[in-house]
Amino acid sequence: KHGARGLLAGRGAERWSAPALQARFVDATGAGDAADAGFLLQYLRDRADVPAALRSANAAGACAVAAAGGCVRPVAREEYLALVSAATEK
């Protein structure tokens, strides 16, 4: 996790990267934890699709930085999925 510089992942000799999403920034508290959760959510569904897991991580992190403090603002599924879709278009 590299904040505004995006995400990196590796498995064996394979490496993937994903640029950060443009997000309204309020506070970084919990953003890394949210990104971890987003990554695991997708990775546990399909271990072969690491790029999709990175997109999910980026979306979760972007949701987290949009509010002050960790876990303060519930995020609608539609908002999260829109961010995943935006990450796919990059």
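The 12-atom threshold is not exceeded at CZ of Arg77, counting heavy atoms of other residues, nucleotides or ligands nearer than 6.0 Å.
Here the closest non-hydrogen pair linking Ala59 and Val84 is CB-CG2, 3.5 Å. Considering every non-hydrogen atom in both Ala60 and Ala34, the closest pair reads CB-O, 3.1 Å. Annotation for Asp27 and Ala67: closest pair CB-O, 3.6 Å, computed over non-hydrogen atoms. Taking both residues in full, the closest heavy atoms of Val65 and Ala28 are given as CG1-CA, 4.3 Å, listed atom of the first, atom of the second, then distance. Across all non-hydrogen atoms, the minimal contact from Ser17 to Leu8 is CB-CD2, 3.5 Å.
Checked by atom type and distance alone, the side chain of Asn58 pairs as donor or acceptor with a backbone atom of Pro19 at under 3.5 Å. Arg11 places a side-chain N or O within donor-acceptor distance of the main-chain N or O of Arg47, the cut-off being under 3.5 Å. Between the side chain of Arg24 and the backbone N or O of Ala66, at least one donor-acceptor pair lies under 3.5 Å.
Clustering ILVMFWY residues whenever any of their side-chain heavy atoms sit less than 4.5 angstrom apart, transitively, puts Tyr43 in the very cluster that holds Leu7. A chain of hydrophobic side-chain contacts below 4.5 Å, direct or via other Ile, Leu, Val, Met, Phe, Trp or Tyr residues, connects Leu41 to Leu81.
With contacts defined as side-chain heavy-atom distances shorter than 4.5 Å, the pair Leu54/Phe39 qualifies.
With sequence neighbours left out, Arg15 forms a salt bridge (charged side-chain N to carboxylate O under 4.0 Å, His left out) with no residue at all.
To the nearest 0.5 Å, atom CG of residue Asp46 and atom OG of residue Ser56 are 12.0 Å apart.
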